[in-house]
Structure formats: C-alpha cells, structure tokens
Q: 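Structure in structure tokens, see below.
Values in this document were obtained by computation on a predicted structure and should not be read as measured data. Order of the sequence lines sets the chain letters (A, B, ...), proteins ahead of strands, with each chain counted from 1.
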Amino acid sequence: MQNLLHNLNPEQLAAVTLPAQSALILAGAGSGKTRVLTTRIAWLIQTGQVSPSGVLAVTFTNKASKEMLARLSAMLPINTRGMWIGTFHGLCNRLLRAHHKDAGLPQTFQILDSQDQLSAIKRLLKAMNVDDEKYPARNVMYFINGAKDQGLRAHEVEANDDYNRKFVELYDLYDQQCQREGVVDFAELLLRTYELMSRNQPLREHYQSRFKHILVDEFQDTNDLQYKWLKLMAGQHSAVFAVGDDDQSIYAFRGANVGNMSAFEREFKVENLIKLEQNYRSHGHILDSANTLIANNSKRLGKNLRTDAGHGEPVRIQEVSSDLQEAQWIIEEAKSLINEGALRSEIAILYRSNAQSRVIEHALFSNGIPYKVYGGQRYFERAEVKHAIAYLQLMDNLHNDSAFLRVVNFPTRGIGARSLEQLQDAARQYGISLYAAVPFVTGKAGAVLGAFTKLIEAARFETQQLPLPEMVQIMLDMSGLMEHYRTEKEGADRIENLEQLVNAATLFVSEEGFGADAPALLGPQASAMAGAAITLADGVEIIDADAQLSTIMSPLSAFLSHASLEAGDNQAKTGQDALQLMTVHSSKGLEFDAVFITGLEEGLFPHENSQQEESGVEEERRLMYVAITRAKKRLYLSFSQTRMLHGQTRYNMRSRFFDELPDEALKWLSPKIQVQKNDWFARPKAAWVDEPQAGANNIAKNFKRDSGWRIGENVAHQKFGEGVIVNIEGGGDNARAQINFGKHGMKLLDLTVAKLEKV
DNA sequence: AGGGGTAATTCTGGT
DNA sequence: AATTACCCCT
C-alpha cells in the first residue's frame with residue numbers, strides 16, 4: 001500500500017484516495033493522468049473497497065486500455081484479464097454478444113467499419129433509387145452517425161422540411177437493412193447497448209449493482225450518447241471517477257461534447273473537483289508556449305500548467321521554401337540529435353493530416369533512416385485483407401450482404417452485373433438476404449451463384465472444428481484469393497499480407513485465451529466458466545458478460561470484431577529503433593524527448609475546413625496544444641512557403657499560431673519575417689521564384705496564363721451540357737476550370753483532358 | 001463477362 | 001497524386 005501511494009504529489013494523492021463518490025479530475029497534459037487512474041483502481045482493490053469485478057474502466061482507444069491493463073498488472077498481484085477495462089466500443093461489443101438475444105441481434109452479428117458503412121449506404125441509396133447528387137452517401141452517413149451519437153433513432157430526429165425528412169427516412173431504412181443483414185456500425189454498438197440496458201430492468205440492475213466504481217479516461221471526448229450510457233451504467237449508487245482535460249478536446253468532429261464535463265459536475269453532484277496542474281513532462285519554454293497559446297481560447301474551465309524543470313531550450317522555428325526542403329531540414333536536425341545520442345524512438349514527427357507523411361517518408365527512406373508510421377492505411381483496411389475478411393464474415397454470417405457483394409465475384413467467377421441484378425431483385429422481393437435469395441435465381445446465373453454458395457458452405461463445414469489459424473489458411477486457399485494474387489504481377493506484397501492474416505489469427509488466439517480447449521460456442525458446459533447468473537423478468541436465467549470471452553463468442557466472431565474494432569496498427573517493423581511519424585490526433589497521450597510539428601501553415605494547421613466557425617479554430621488550437629505538450633526537452637516548429645497538395649502547388653501563409661506563442665520562449669532558426677495578417681502579397685519573394693510556372697489558388701496570376709479559356713466564358717460538355725467558367729486555376733499541364741453547369745452543379749474539370757466546346 | 005484505359009472526383013481527424 | 005467511376009472493346 002505504501003508503495004502504491006508514495007511519490008504522488010498532494011493533488012494526485014487526493015484524487016487517488018477520494019471517497020466513493022463521483023469526482024471530476026481536471027488533468028492537464030503530462031500531469032500523471034494515467035498514473036492517477038491506474039493507482040486509483042489499484043488502491044480501491046488493495047484496500048478492499050471493491051473487488052476487481054466491481055470496477056469498470058472505460059477508455060477511447062485500444063492503446064489506452066492496453067496501457068492501463070499493463071500498468072495495473074504491474075501494480076497488483078492479480079490476474080487482470082477478467083477485469084472490465086476497455087474501450088466504449090469493445091465493452092459494448094462484449095455486452096451485446098453476451099446478451100445478443102435480448103438486444104435483438106444474431107450471435108454472430110458483425111461490425112461495420114466506416115468504409116463498410118459507407119458502402120452499405122451507397123447500396124441502400126441505389127436500391128431505393130435515391131438521387132445521390134441530392135443525397136450523397138457521405139452526407140447520409142454523417143446524418144446517421146450524428147443522430148446516433150446523440151442517442152437518437154430515426155423517429156426521434158426532428159425534421160422540419162422535406163429535405164431533412166428524406167434523411168430521416170434513409171436513416172430508418174438503413175437501420176432496417178443493417179438489422180436484416182446482422183451488422184452494426186460503431187455508433188450502433190453503443191446505442192444498442194444503451195437501449196438494451198434501459199429497456200431491460202434485471203440486466204440493468206445487475207450491472208449497476210455490480211460496477212461499484214466506474215472510471216472514465218479522456219472524459220472530454222465523450223459524446224452525448226456515451227454520457228447517457230455512463231449515466232445509465234452508474235445508476236444511483238456507483239461512483240464515477242471522470243478524468244479529462246477540456247484543453248485537449250479534439251474530437252468534436254465525431255460528436256464529442258466538452259459540455260459533458262460541466263454537465264457531469266452538475267448532474268452527478270460532484271463535490272470533488274481536483275485539478276492536476278503540475279506537469280512532469282516538458283521543460284519550461286515548451287510549457288509556457290502551450291499555456292500562452294491555449295489562453296487564446298475563450299471557453300475554458302481554466303487551468304494553468306506549471307513545471308519545476310526550468311526553462312530548458314527555446315522552441316526552435318524554421319521557415320522553408322518547400323515541403324521537400326522541410327523534410328530535408330527535419331532529417332538534418334534529426335540526424336544531429338541522433339549523433340548526440342538521442343534514441344530515434346524518442347523523436348516524433350507530427351503533422352496535421354496523413355497526406356503530409358508521404359514527402360517525409362520518402363526523404364527518410366532515401367536517407368536510410370528507420371522510421372515507423374502510425375495511422376494512415378491500417379492493416380485490416382487493405383483491400384486484399386478486406387477481401388479475406390469478407391470471406392470469413394460470410395462463413396460466420398451468411399446474411400452479411402456487404403461481405404457477399406465484396407467477394408461474390410472476387411476472384412472473378414463469371415458472376416456479372418446482370419446476374420447480381422437478378423439476385424438483388426429476388427432478395428428485395430422476398431425481403432431476404434442475397435445469400436438466401438440465390439435459390440430463386442434461375443438459369444445460368446443461378447448455377448454460378450449456386451456454385452459460390454456451395455463454396456462458402458464447404459469452407460464453413462470443413463473448418464467448423466478447426467482452430468482459427470487453420471480456418472483462415474483454408475479459406476485463403478479455397479476462396480482462390482491466394483491463387484489470384486499469385487498470378488497478378490504486383491501480387492507479392494498482397495500475398496505477404498494475406499499470409500500475415502494467418503499469423504494475426506495465431507497471435508489473436510493466444511492473446512485472447514482462445515486456446516484449443518476453449519469451447520467454440522456458448523453451450524451447456526460454458527456456464528462452468530461463466531460469471532454470475534441473472535434472472536430476467538420472465539424467470540429465464542442468463543449468464544452475464546463476465547464470462548470468458550470464449551464462452552460468449554466463437555473465435556471467428558471474436559477475431560472479426562477485433563479486425564473491425566482495432567483495424568491493426570500500421571504494420572511496423574518490429575524491434576527496430578525508429579523515428580515516429582504520426583498525426584497530431586494519434587499522438588495524444590504519448591510523449592517524446594524531441595518533437596517536430598510540421599506544416600504549420602494557414603489552411604493546413606489550422607485546417608481550412610475548420611475556419612468557418614470560431615469553435616473550429618478553437619479546436620485546432622487545442623490540437624496545437626496537444627502537439628506542443630507531447631515534447632519533453634526539445635520542440636521544433638516548421639512551415640513552408642510552398643506545398644504540393646492535391647496535385648498542385650499551394651502558397652500558404654504561416655500559421656496564426658506563431659503569433660500566439662511567447663516570443664521569449666522562441667528561437668527563430670530562419671529569420672522571422674514580419675507578415676501583416678492576411679496580406680497575401682506581403683509574402684517574401686522567394687515563394688514565387690521557386691516554382692515560377694505553378695498556378696496556385698491565386699487570382700492575379702491566373703489571368704496571365706493562356707489556357708485558351710477565360711473566366712466567364714460559356715462552354716458545353718458532353719455529359720453536363722452548357723455551363724459557364726467560374727474560375728481557372730493552375731496553368732499549362734495543370735490548368736483546371738471550375739465550371740457551373742446549372743442543374744448538374746459546379747464541376748472542377750481538367751482543361752487538358754476534358755472535352756469542352758465553346759458556345 | 002471482364003479487362004484495360006480514360007475521365008472524374010477526392011483531400012482532416014479515428015473507434 | 002491517387003483512387004474511383006465509367007466506357008469501350010474483346
């Protein structure tokens with residue numbers, strides 16, 4: 001016990017040892033937030049205030065929950081596997097599997113990632129003959145997710161005009177389609193669980209009385225639904241320990257509501273509000289920069305970080321003339337850091353958007369410097385892996401139409417658009433899945449489709465009793481995927497990725513306790529290793545979700561959940577000491593000796609899409625705050641005069657954030673040029689000289705460019721009809737025109753390619 | 001049916 | 001620049 005608590009500062013100690021009431025901990029960056037959370041759990045258990053099974057700890061990322069588990073098992077001599085520590089989505093998945101009947105789901109329900117969700121919506125729009133110009137699939141998806149994030153079903157969404165009523169209707173139809181196919185999207189995992197618990201009193205009371213202590217990490221990132229979910233799980237008697245930092249709220253774009261912090265304080269009658277303001281991570285100049293920057297935000301709960309570490313080195317700022325030079329400069333600096341003895345893994349290169357990593361990666365690669373990229377294209381999102389997963393999904397749930405369509409003709413087996421049309425007609429007519437509709441298709445189409453379902457059934461049957469890795473291997477062979485990529489000329493990488501899937505399955509089985517002896521499905525023998533029994537209103541006894549994972553879902557279902565929920569780290573070369581590349585978002589929670597924040601330009605960081613509303617810029621500022629506070633000893637900021645983006649060169653002003661940092665903490669490596677705010681033409685000459693022929697989003701220069709077209713000219717296009725040129729950008733081989741085609745809308749056409757006629 | 005080539009669109013962040 | 005949608009030919 002003494003061990004647990006020693007070395008905590010007074011605020012941390014106070015937080016860890018709070019009585020069993022709801023508490024809000026405002027934890028600044030680097031203030032030992034995770035330490036407080038884990039020590040709190042350990043202390044509660046060690047002092048006998050709660051048993052391990054009475055603790056529910058919720059995080060947002062898998063990384064965070066793994067870290068928490070690891071730290072806890074180091075502190076406590078108990079097996080942490082049975083503890084309820086996980087992400088909102090992971091925990092909901094578990095609850096829904098255990099209570100799938102009451103939740104109205106098949107046991108093998110599958111989880112759609114956002115790619116899958118979007119294609120499911122596209123499919124729906126097509127089937128319903130919806131004008132996808134008026135109702136783009138992406139907008140429909142935003143609408144649905146936005147509603148679900150607020151905890152609203154279609155019939156609960158207010159719509160005051162026909163346009164919105166259509167969205168509501170589509171939301172409803174989408175839910176029906178998902179239900180028919182036995183699939184749920186991310187938001188649905190939470191909403192379903194919420195509805196299950198609010199509807200089912202015995203279940204609710206069981207979990208409410210069980211979870212005496214609920215702890216929430218990154219509370220500022222909760223959305224309305226997650227907040228309601230927490231309220232429901234807590235009931236009247238659980239103590240909710242919420243840890244968060246309003247200054248690090250960077251997920252408003254997916255529904256996070258910082259207002260939940262004050263709502264929590266009010267509704268949970270929080271008497272214990274503790275601020276952790278002592279920072280143990282960053283040197284003074286870095287921390288001062290962060291504090292000064294974030295003070296520019298208006299809506300804050302108020303908090304100022306302090307450190308005992310002394311000023312340390314100044315924050316270094318570098319202006320470069322192009323993104324290529326930026327990469328080169330980073331490499332020079334990183335090299336000298338490494339020469340001075342720095343570990344590569346202690347150097348992070350951060351950027352606002354994933355697209356920026358390419359140039360840096362290229363430079364690192366050609367300089368032979370090992371690096372590791374986080375995020376971006378994840379393993380389970382690669383096309384070939386998605387195909388393999390779709391076969392597995394189909395084997396586990398025949399009615400998953402998305403999976404069916406993805407692989408029914410991949411590798412090609414003579415099933416074309418016409419056959420599929422017949423099949424979809426039949427499915428719609430009887431209201432059944434594509435798989436189930438196969439027998440209704442006659443003729444040659446029926447035969448080829450029948451062969452496909454036979455294949456799936458054979459794979460299912462042959463692998464039924466086999467361990468997961470063998471199941472995967474057999475699927476890869478039987479499906480013909482391996483064969484297909486063997487004959488493709490660029491297929492070597494893909495083959496490797498597919499073989500990797502067998503390894504992933506092996507690893508998964510051993511890590512998650514799906515040993516060969518584990519029962520494949522919930523059966524009579526399962527109750528022996530299950531958790532408590534719950535008696536439902538109708539007298540039926542069911543087992544709660546505390547049971548071993550292997551008793552509430554099959555290895556295959558679990559593996560498929562894992563693939564959707566974790567998407568897999570971007571396969572990193574293991575063991576190698578490497579530079580760390582990632583977006584600012586994915587850097588949250590991490591720390592490094594040296595940090596580069598790159599691309600600090602208006603339009604990029606802060607991002608242009610966020611500049612419409614003040615709240616958007618404030619979120620960007622918080623993002624910058626997160627980025628700065630990742631650095632322990634040394635911080636570099638860079639911006640470039642020109643940058644290749646979307647295939648054309650852009651000229652950006654330096655980020656406004658430079659004007660929000662304290663001068664005395666900064667050291668300009670390149671001369672600081674006074675730029676009047678928003679005065680584009682005051683930019684240094686150099687920007688022009690570098691790329692004389694590049695066009696850019698600039699007005700004056702475009703008139704000089706002779707693309708053969710001029711703004712205001714009337715043109716005709718084969719497909720879009722008549723239109724008028726609204727703007728021309730770029731020049732030479734890059735010339736593109738923005739043309740208003742009236743009812744066909746605004747189009748951006750490449751003038752060197754598009755066939756336009758003068759009218 | 002399906003491959004290959006061309007035209008058009010995308011492009012913030014991530015469970 | 002890179003991916004996706006579309007068209008045309010075999």
Side-chain angles (χ1 to χ4, degrees), chain A residues 58-65 86-93 111-115 117-119 122 132 136 138 145 149 184-190 218 221-223 226 249-256 350-356 358-359 362 374-378 380-381 383 409-420 444-445 448 488 561-562 564-567 570 582-588 599 603-611 616 619-620 622-623 626-627 644-650 717-720 734 736 739 744-750 752-755:
Chain A
V58 197
T59 65
F60 278 84
T61 64
N62 299 298
K63 196 169 64 190
S65 68
T87 62
F88 277 104
H89 296 89
L91 295 167
C92 286
N93 181 37
I111 303 166
L112 301 179
D113 64 23
S114 18
Q115 266 180 53
Q117 189 187 16
L118 188 63
S119 53
K122 281 184 182 160
D132 60 356
R138 199 166 287 273
N145 289 342
D149 283 345
V184 299
D185 57 51
F186 285 138
E188 183 73 22
L189 280 171
L190 295 171
E218 308 279 14
D221 287 335
T222 51
N223 63 32
Q226 286 158 339
S249 157
I250 55 175
Y251 285 104
F253 72 91
R254 60 175 202 213
L350 309 184
Y351 33 79
R352 175 65 179 80
S353 62
N354 281 307
Q356 287 164 256
R358 186 177 302 273
V359 176
H362 181 79
Y374 291 82
Q377 171 77 284
R378 318 277 261 291
F380 284 111
E381 289 166 3
N409 198 32
F410 192 95
T412 53
R413 36 176 83 89
I415 300 169
R418 288 175 60 87
S419 310
L420 286 179
K444 199 172 151 230
V448 274
E488 199 180 63
S561 300
H562 166 81
S564 300
L565 290 175
E566 301 206 24
N570 200 15
M582 66 193 82
T583 63
V584 179
H585 278 94
S586 54
S587 76
K588 185 154 76 143
L604 200 61
F605 199 178
H607 197 274
E608 53 197 350
N609 293 3
S610 67
Q611 296 188 13
E619 176 144 323
E620 295 289 304
R622 291 192 293 270
L623 200 48
V626 167
M644 261 315 236
L645 212 63
H646 317 161
Q648 56 184 195
T649 311
R650 301 191 12 168
H717 184 271
Q718 206 181 3
K719 187 170 160 197
F720 304 127
N734 264 328
R736 302 206 285 183
I739 304 174
H744 288 284
M746 200 72 89
K747 306 282 173 198
L748 190 59
L749 303 183
D750 191 329
T752 56
V753 196
K755 296 184 185 89

Q: Contact class for A/Ser114 vs. all strands (heavy atom < 4.0 Å): base, sugar-phosphate, or nothing?
A: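 A/Ser114: base contact, heavy atoms under 4.0 Å.
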
Q: Can you tell me if A/Tyr251 is stacked onto the base of B/dG13, using a 5.5 Å centroid cut-off and an angle below 30°?
A: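 Stacking is absent between B/dG13 and A/Tyr251, given that the ring centres and planes do not meet under 5.5 Å and under 30°.
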
Q: Check whether any side-chain nitrogen or oxygen of A/Arg138 sits under 4.0 Å from OP1 or OP2 of B/dC11, and answer yes or no.
A: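 For B/dC11, OP1 or OP2 has a side-chain N or O of A/Arg138 closer than 4.0 Å.
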
Q: Round to the nearest Å and state the distance from A/Asn223 atom CG to B/dG14 atom C1'.
A: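 Computing the A/Asn223:CG to B/dG14:C1' distance gives 13 Å.
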
Q: Counting only side-chain N and O atoms of A/Lys122, is one of them less than 4.0 Å from OP1 or OP2 of C/dA5?
A: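 Yes, within the criterion.
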
Q: Would you indicate which nucleotide in B/dG13, B/dG14, B/dT12 comes nearest to any side-chain atom of A/Glu619?
A: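 Looking only at side-chain atoms, A/Glu619 lies closest to B/dG13.
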
Q: Would you mind classifying the nucleic acid contact of A/Ala417 as base, sugar-phosphate or nothing, using non-hydrogen atoms under 4.0 angstrom?
A: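 Touches sugar-phosphate only.
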
Q: Look at A/Thr412 and B/dA1 and indicate whether a side-chain polar atom (N or O) is within less than 4.0 Å of OP1 or OP2.
A: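 For B/dA1, OP1/OP2 do not have a side-chain N/O of A/Thr412 under 4.0 Å.
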
Q: Using a cut-off of strictly less than 4.0 Å, decide whether A/Asn409 has a side-chain nitrogen or oxygen near OP1 or OP2 of B/dA1.
A: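 Checking A/Asn409 against B/dA1: no side-chain N or O falls below 4.0 Å of OP1 or OP2.
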
Q: Identify which nucleotide among B/dA1, B/dG14, B/dG13 has an atom closest to any side-chain atom of A/Ser586, counting heavy atoms from C-beta outward.
A: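 The closest nucleotide is B/dG14.
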
Q: Report the distance from atom CG of A/Asn62 to atom P of B/dT15, rounded to the nearest whole Å.
A: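 Computing the A/Asn62:CG to B/dT15:P distance gives 7 Å.
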
Q: Rounding to an integer number of Å, can you tell me how far A/Phe186 CZ sits from B/dG13 P?
A: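 The answer, rounded to whole Å, is 16 Å.
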
Q: Measure NE2/A/His607 against C1'/B/dC11 and give the value in whole Å, please.
A: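 Roughly 7 Å, once rounded to whole Å.
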
Q: Do A/Leu604 and A/Gln356 make a side-chain contact, defined as non-hydrogen atoms from C-beta onward lying under 4.5 Å apart?
A: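 Contact flag for A/Leu604/A/Gln356 side chains = yes.
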
Q: Between A/Ser114 and A/Gln117, do the side chains contain a donor N or O and an acceptor N or O under 3.5 Å apart?
A: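 Result is no, nothing qualifies.
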
Q: Nearest whole Å is fine: how far is B/dT15 P from A/Glu218 CD?
A: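 The distance from CD of A/Glu218 to P of B/dT15 comes to 12 Å, rounded to the nearest Å.
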
Q: Expressed in whole Å, how much space separates the C1' atoms belonging to C/dA5 and B/dT12?
A: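 Approximately 24 Å lies between the C1' atom of C/dA5 and that of B/dT12.
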
Q: In whole angstrom, what separates A/Gln115's CD from B/dG14's C1'?
A: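 Value for this atom pair: 13 Å.
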
Q: Regarding A/Ile250, tell me which of base, sugar-phosphate or nothing describes its non-hydrogen contacts under 4.0 Å with the strands shown.
A: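 Here A/Ile250 touches no strand at all.
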
Q: Do the rings of A/Phe186 and A/His89 sit parallel, tilted or perpendicular, given the 30° and 60° boundaries?
A: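 Ring orientation, 0 to 90° scale: perpendicular.
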
Q: Nearest 0.5 Å please: distance from the CG atom of A/Asp149 over to the OG1 atom of A/Thr222.
A: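 Spacing of CG (A/Asp149) from OG1 (A/Thr222) equals 11.0 Å.
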
Q: Would one find a side-chain N or O of A/Thr61 under 4.0 angstrom from OP1 or OP2 of B/dG14?
A: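 Negative; the distance criterion is not met.
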
Q: Base, sugar-phosphate, or nothing for A/Phe60, non-hydrogen atoms under 4.0 angstrom?
A: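 The residue A/Phe60 makes sugar-phosphate contact but no base contact.
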
Q: Go nucleotide by nucleotide along DNA chain B from the 5' end; which of A/Ala187 and A/Ser419 gets its closest nucleotide reached first?
A: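 Counting from the 5' end, the first nearest nucleotide belongs to A/Ser419.
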
Q: Is there a side-chain polar atom (N or O) of A/Arg378 under 4.0 Å from OP1 or OP2 of B/dT15?
A: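 Answer is yes, contact under 4.0 Å.
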
Q: Does B/dG13 have its OP1 or OP2 closer than 4.0 Å to a side-chain nitrogen or oxygen of A/Asn354?
A: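 Answer yes for this pair, as a side-chain N or O of A/Asn354 is under 4.0 Å from OP1 or OP2.
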
Q: With rounding to the nearest 0.5 Å, note down the distance linking CG in A/Leu350 to OG in A/Ser586.
A: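 OG of A/Ser586 is found 8.0 Å from CG of A/Leu350.
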
Q: In whole angstrom, give the distance that lies between atom CZ of A/Phe253 and atom C1' of B/dG13.
A: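 Distance, rounded to whole Å: 4 Å.
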
Q: According to ring-ring contact (aromatic ring centres under 6.0 Å, His included), who are the partners of A/His607, at least two apart in sequence or on a separate chain?
A: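 By the ring-ring contact (aromatic ring centres under 6.0 Å, His included) rule, A/His607 matches no residue at all.
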
Q: Nearest to the side chain of A/Arg352 - B/dT15, B/dG13, B/dT12?
A: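 When the side chain of A/Arg352 is considered, B/dT12 is the closest of B/dT15, B/dG13, B/dT12.
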
Q: Specify the separation, in whole Å, of atom CG of A/Asp221 and atom P of B/dG13.
A: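 Taking atom P of B/dG13 as the reference, CG of A/Asp221 is at 17 Å.
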
Q: Under 6.0 Å from the six-membered ring centre of A/Phe380 and within 45° of its axis: does the NZ or CZ of A/Arg378 meet both?
A: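 No cation-pi geometry.
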
Q: Stacking check: are the rings of A/His89 and B/dT15 less than 5.5 Å apart at their centres and under 30 degrees in tilt?
A: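 It does not: the ring fails the test against the base of B/dT15.
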
Q: For A/Glu381 and A/Leu623, take the nucleotide of DNA chain B holding the closest heavy atom to each; which residue's nucleotide lies nearer the 5' end?
A: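 Checking each residue's closest nucleotide, the 5'-ward one belongs to A/Leu623.
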
Q: What interatomic distance, in whole Å, is found between C1' of C/dT4 and the corresponding atom of B/dG13?
A: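 To the nearest whole Å, 22 Å.
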
